[in-house]
Peer 1: 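Here it is, the structure, as structure tokens.
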Amino acid sequence: MTVRVRFAPSPTGYLHIGGARTALFNWLFARKHGGQFILRIEDTDQKRTVAGAIEAIMDGLRWLGLDWDEGPDVGGPVGPYVQTERAELYCEWANWLVEHGYAYKCFCTPEELDEMRKEQMAKKEMLGYNGRCRHLTPDQIAAKETAGLNSVIRFKMPRNGETTIQDAIRGPITYQNSQIIDAVLLKSDGLPTYHLANVVDDHFMQITHIMRADEWINTAPLHINLYHAFGWELPVYAHLSLVMNPSGKGKLSKRTQAFDDDGQQVLVKVEEFQEAGYLPQAVVNFLANVGYATGDDREKFDAHEAIDSFRLEKINPAPSRLPYSKLDWLNGQYIQEMEPQALARAVKPFLDAQGFEVNPEALLVVMPAMSKRLKRLPEAIDFLRFLFDDVPLNATAEMLTHKKMPYDAAKRGFQEARDFVATVEPFNLDTVSTGLMKIGESVTTNEKAGPFLGQMRFAITGQQVSPPLFESMVALGRARTLTRLDEVLQLF
RNA sequence: GCCCUCAUCGUCUAGGGGACUAGGACGUAAGCCUUUCAAGCUUAAAACCGGAGUUCGAAUCUCCGUGAGGGCACCA
């Protein structure tokens, strides 16, 4: 039997990082076993459905590289993959349950249910539907229907006994059936609730393993009883731990507007990670490290390695926070591995957004130096600002000297550098570095280029922090370097 | 209130009766290197929630606490 798993988000907004992790684990499992990863849209709550959300979710998955074998856009043999397009199916099976005595019509109004809940709270009883309509006679039902009363279909949960779910991560979990209420399966608008839709779909879509978040554990016994009523084969359940707020208080939600200990904004939507300049492979690696470990101390691994090592039983059941600072480190690692071309391409949109007109050629020279410095792509903006903004150097001659390079020596150094830049052929990393090293060594009292190069770097870039001198000069180009050196010389 | 889950350094984790003096990673601190900032290298500090029990032996198994989280909708 081939493994078939699904990721089944509601189209209520964007792809949430926790959802992305659930999707990733499902995808990893499917790929590991040569099975299928299916994308299904659970849009049975019309009130919460947001236009464009399906596209946004798919964009997020695509960005992360989580490709699906069947889904709303690519279709597949057991479609459609959007639940509102399968409404008839659910209706049919809900009625089947009613006909076979596994479900019943309930005419209670929302107001009545509200009242019931209040009463239960007051009496400190178990919360939930009390089964009032469970034993309506056919005559009573007919009477209510001719009176035009709205109804829903509720599951007739067994009142006695217990239900045990065999969770692949947590082992057996047992519930007393009496604890489980008669859940609504079909709403009065004719659409199914999650409970009915997910069971019917997972059956007909031949889903073999259900990997979903911890928050669904409590609904599993209901679902199992539905499978029993239908006489369908049970899938394997595996409940993933929850992703919590950085504070450790509560689950991470889309509304989280917090900063972690490093003062970094907590990102929640996948697209926010993209906008913040994280690489998809870093995010995938990061996510795969939360609640999961290869077991051999590897922290950095690509998707293929993750697939190779993946085992359901290795998933950690404990809830966890996202270690954002580790993401920064991972992202830096992946950036370091990038070819200059690729890095330049990745950085360009961020510079563009800043209004910096990028000369790709010049950018290439500084990329090797940048790759060691960037944790997140947009950090390049501050590093490279001097390439785009020609602001006058805000300094005095005094500031350009050094205890190993007093006034006169500094002046001579800058003058020689100016003459050198004006004439050297060609003007490239090689020639510039050897030439300036020589000048530097000749003007310092310790005969080391260091002090000169440091001051020179500041003079050229005007920045406290910048790429190294030689790369910066070559990126600037001969003409602009000369202009800046002339400015510097005027200070002396 | 009821039900369910979970519990190892600050954080993410390894470990599943003896190999534990509890390992790795991020972060933090110090040092080296150095042309600023990084990167890199080296080193350091840092944890088995508590209590009983089982056992020759418990981070590991059991129970009871405690703490944290989740659920108890005509939302998913």
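Numbers restart at 1 for each chain; the letters A, B, ... are given by sequence-line order, proteins then strands.
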Peer 1: What about A/Arg298, does its side chain sit under 3.5 Å from the base of B/U13 through a donor-acceptor pair?
Peer 2: no
Peer 1: Check every strand shown and say whether A/Cys108 touches a base, only sugar-phosphate, or nothing at a heavy-atom separation below 4.0 Å.
Peer 2: base
Peer 1: Can you confirm whether or not the ring centre of A/Tyr334 sits under 6.0 Å from the ring centre of A/Trp329?
Peer 2: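 They do not qualify: ring centres at least 6.0 Å apart.
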Peer 1: Where the side chain of A/Val465 is concerned, which of B/C37, B/U35, B/A76 is the nearest nucleotide?
Peer 2: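 Of B/C37, B/U35, B/A76, B/C37 is nearest to the side chain of A/Val465.
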Peer 1: Which part of the nucleic acid, if any, lies within reach of A/Ser188 when heavy atoms closer than 4.0 Å are counted: base, sugar-phosphate only, or nothing?
Peer 2: base
Peer 1: Over how many whole Å does the gap from A/Arg373 atom CZ to B/U35 atom P extend?
Peer 2: 13 Å
Peer 1: If we take the P atom in both B/G40 and B/A52, what is their distance in whole Å?
Peer 2: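 After rounding to an integer number of Å, I get 47 Å for this pair.
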Peer 1: Under 4.0 Å between a side-chain N/O of A/Thr193 and OP1 or OP2 of B/A76, yes or no?
Peer 2: no
Peer 1: May I ask you to verify if any side-chain N or O of A/Lys375 is less than 4.0 angstrom from the OP1 or OP2 atom of B/A39?
Peer 2: yes
Peer 1: If I pick the P atom on B/A58 and the same atom on B/C49, what distance separates them, to the nearest angstrom?
Peer 2: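 Between the two P atoms, the distance is 16 Å.
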Peer 1: Which nucleotide in the list B/U13, B/G69, B/G71 gets nearest to the side chain of A/Asn316?
Peer 2: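 Selected nucleotide (nearest to the side chain): B/U13.
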Peer 1: Which nucleotide wins on minimum distance to the side chain of A/Asn218, given the candidates B/G70, B/G24, B/C12?
Peer 2: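 The nucleotide sitting nearest to the side chain is B/G70.
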Peer 1: Quick check on B/G40: is either OP1 or OP2 less than 4.0 Å from any side-chain nitrogen or oxygen of A/Gln333?
Peer 2: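 A/Gln333 to B/G40 OP1/OP2: side-chain N or O found under 4.0 Å.
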Peer 1: In whole Å, measure the gap between the C1' atoms of B/U13 and B/A46 for me.
Peer 2: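 The answer is 15 Å between these two C1' atoms.
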Peer 1: Are A/Tyr104 and A/Phe155 an aromatic pair, judged by ring center distance below 6.0 Å?
Peer 2: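 No, the ring of A/Phe155 stays outside the 6.0 Å limit from the ring of A/Tyr104, centre to centre.
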Peer 1: Tell me, do A/Leu384 and A/Val366 make a side-chain contact under 4.5 Å, heavy atoms counted?
Peer 2: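 Yes - at least one pair of side-chain heavy atoms lies under 4.5 Å apart.
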Peer 1: With a non-hydrogen cut-off below 4.0 angstrom, is A/Tyr129 in contact with a base, only sugar-phosphate, or nothing?
Peer 2: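 If one applies the 4.0 Å heavy-atom cut-off, A/Tyr129 turns out to touch nothing in the nucleic acid.
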Peer 1: Any side-chain N or O of A/Arg154 under 4.0 Å from OP1/OP2 of B/C74?
Peer 2: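 True: A/Arg154 side-chain N/O within range (under 4.0 Å) of B/C74 OP1/OP2.
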Peer 1: For B/A73, take OP1 and OP2 only and decide whether either is under 4.0 Å from a side-chain N or O of A/Lys187.
Peer 2: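 So the side chain of A/Lys187 is outside the cut-off, no N or O lying under 4.0 Å from OP1 or OP2 of B/A73.
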Peer 1: Describe the nucleic acid contact of A/Pro11 in one word from base, sugar-phosphate, nothing, applying a heavy-atom distance below 4.0 Å.
Peer 2: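 It contacts nothing in the nucleic acid.
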Peer 1: Do the rings of A/Phe25 and A/Phe310 sit parallel, tilted or perpendicular, given the 30° and 60° boundaries?
Peer 2: perpendicular
Peer 1: Would you kindly give the OH-to-P distance between A/Tyr334 and B/A39, to the nearest whole Å?
Peer 2: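 Those two atoms, OH and P, are 17 Å apart.
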Peer 1: Would A/Glu305 and A/Lys300 count as a salt bridge (Lys or Arg N to Asp or Glu O under 4.0 Å) here? Give the steps.
Peer 2: CA-CA 9 Å; A/Glu305 294 173 284; A/Lys300 180 169 171 292; over 6 Å; no
Peer 1: Please measure how far the C1' atom in B/C63 lies from the corresponding atom in B/U42, and state the result in whole Å.
Peer 2: 47 Å
Peer 1: A/Ala293: which residues meet the side chain to side chain contact (heavy atoms under 4.5 Å, CB included) condition with it, sequence neighbours left out?
Peer 2: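 Here no residue qualifies.
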Peer 1: Between A/Trp93 and A/Phe204, does the ring-ring contact (aromatic ring centres under 6.0 Å, His included) criterion hold? Intermediate values first, please.
Peer 2: CA-CA 12 Å; A/Trp93 286 98; A/Phe204 286 106; 5.8 Å; yes
Peer 1: What nucleotide, of B/U35, B/U13, B/A25, holds the atom closest to the side chain of A/Ala293?
Peer 2: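 Per side-chain heavy atoms of A/Ala293, the pick is B/U13.
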Peer 1: Let me see the working for A/Asp182 and A/Lys156 under salt bridge (Lys or Arg N to Asp or Glu O under 4.0 Å), right down to the final yes or no.
Peer 2: CA-CA 6 Å; A/Asp182 289 353; A/Lys156 202 181 275 182; over 6 Å; no
Peer 1: What interatomic distance, in whole Å, is found between P of B/A25 and the corresponding atom of B/U43?
Peer 2: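 Comparing P positions in B/U43 and B/A25 gives a spacing of 11 Å.
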Peer 1: Report which part of the nucleic acid A/Gln336 touches: base, sugar-phosphate, or nothing (heavy-atom distance under 4.0 Å, all strands).
Peer 2: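 Touches sugar-phosphate only.
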Peer 1: May I ask you to say what A/Pro319 touches in the nucleic acid, namely base, sugar-phosphate or nothing, with a heavy-atom cut-off under 4.0 Å?
Peer 2: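 Contact class for A/Pro319: sugar-phosphate only.
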Peer 1: Using whole Å, report how far CG of A/Leu191 lies from P of B/C75.
Peer 2: 9 Å
Peer 1: B/A68 P sits how many Å from A/Glu215 CD, rounded?
Peer 2: 20 Å
Peer 1: Taking the nucleotide of RNA chain B with the closest heavy atom to each, which residue, A/Leu374 or A/Gln179, is nearer the 5' end?
Peer 2: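 Upstream on the strand: A/Gln179.
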Peer 1: Please work out if A/Phe383 contacts a base, only the sugar-phosphate, or nothing of the nucleic acid, heavy-atom cut-off 4.0 Å.
Peer 2: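 Here A/Phe383 touches the bases of the nucleic acid.
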Peer 1: Measure the distance from OH on A/Tyr14 to P on B/A76 and round it to the nearest whole Å.
Peer 2: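 Going from OH in A/Tyr14 over to P in B/A76 covers 21 Å.
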Peer 1: Looking at every strand, decide which applies to A/Pro110 at a 4.0 Å heavy-atom threshold: base, sugar-phosphate, or nothing.
Peer 2: base
Peer 1: How far does the C1' atom of B/G1 sit from the matching atom of B/C12, given to the nearest Å?
Peer 2: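 35 Å, rounded to whole Å.
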Peer 1: If you find the nucleotide of RNA chain B closest to A/Ile169 and the one closest to A/Gly291, which residue's nucleotide is nearer the 5' end?
Peer 2: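 Nearest-nucleotide comparison on RNA chain B picks A/Ile169.
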Peer 1: Between A/Ser320 and B/U13, is there a contact of a side-chain N or O with OP1 or OP2 at under 4.0 Å?
Peer 2: yes
Peer 1: Assign A/Ile217 to base, sugar-phosphate, or nothing according to its heavy-atom contacts below 4.0 angstrom with the strands shown.
Peer 2: sugar-phosphate
Peer 1: As a test of reading the structure: which of B/A25, B/U36, B/A76 is closest to the side chain of A/Trp329, going by heavy atoms?
Peer 2: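 Nearest nucleotide to the side chain: B/A25.
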Peer 1: Taking the six-membered ring for Trp, are A/Tyr194 and A/Trp216 ring centroids under 6.0 Å apart?
Peer 2: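 Here the rings of A/Trp216 and A/Tyr194 have centres that are less than 6.0 Å from each other.
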Peer 1: NZ of A/Lys326 versus P of B/G24: gap in Å, rounded?
Peer 2: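 Whole-Å distance recorded here is 13 Å.
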Peer 1: Would you mind classifying the nucleic acid contact of A/Thr44 as base, sugar-phosphate or nothing, using non-hydrogen atoms under 4.0 angstrom?
Peer 2: sugar-phosphate
Peer 1: Side-chain N or O of A/Lys251 versus OP1/OP2 of B/G71: is the shortest distance under 4.0 Å?
Peer 2: yes
Peer 1: Less than 6.0 angstrom from the centroid, inside 45 degrees of the normal: does A/Arg40 satisfy that with respect to the ring of A/Phe7?
Peer 2: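 No; the conditions do not both hold, so A/Arg40 does not lie above the ring face of A/Phe7.
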Peer 1: Could you please name the option among B/C74, B/A39, B/A14 that lies closest to any side-chain atom of A/Leu113?
Peer 2: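 Ranking B/C74, B/A39, B/A14 by closest atom to the A/Leu113 side chain puts B/C74 first.
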Peer 1: Any N or O donor-acceptor pair linking the side chain of A/Glu299 to the base of B/G24 at under 3.5 Å?
Peer 2: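 Answer yes: a donor N or O sits under 3.5 Å from an acceptor.
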Peer 1: Determine the Euclidean distance between corresponding C1' atoms of B/A45 and B/C9; express it in Å to zero decimal places.
Peer 2: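 That atom pair is separated by 10 Å.
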Peer 1: In whole angstrom, give the distance that lies between atom CG of A/Leu330 and atom C1' of B/G27.
Peer 2: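 Spelled out: CG on A/Leu330 to C1' on B/G27 is 13 Å.
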Peer 1: Taking the P atom in each of B/U60 and B/U8, what is the distance between them to the nearest angstrom?
Peer 2: 12 Å
Peer 1: Send over the distance from A/Leu196 CG to B/A76 C1', rounded to a whole Å.
Peer 2: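 Atom CG in A/Leu196 sits about 14 Å away from atom C1' in B/A76.
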Peer 1: I want to verify a distance call: between B/A76, B/U11, B/C26, whose nearest atom is closest to the A/Ser325 side chain?
Peer 2: B/C26
Peer 1: Choose from B/G1, B/A76, B/A38 the nucleotide whose nearest atom is closest to any side-chain atom of A/Leu127.
Peer 2: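 Out of B/G1, B/A76, B/A38, the nucleotide with an atom closest to A/Leu127's side chain is B/G1.
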Peer 1: Can you tell which of B/G69, B/C6, B/A76 lies closest to the side chain of A/Lys249?
Peer 2: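 Shortest atom-to-atom distance from the side chain points to B/G69.
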Peer 1: What nucleotide, of B/U11, B/C74, B/C75, holds the atom closest to the side chain of A/Asp45?
Peer 2: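 Closest nucleotide to the A/Asp45 side chain: B/C75.
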Peer 1: Base, sugar-phosphate or nothing for A/Arg48? Non-hydrogen atoms, less than 4.0 Å.
Peer 2: base
Peer 1: Considering Watson-Crick and G-U wobble pairs with both distances under 3.5 Å, what does B/C63 pair with?
Peer 2: B/G51
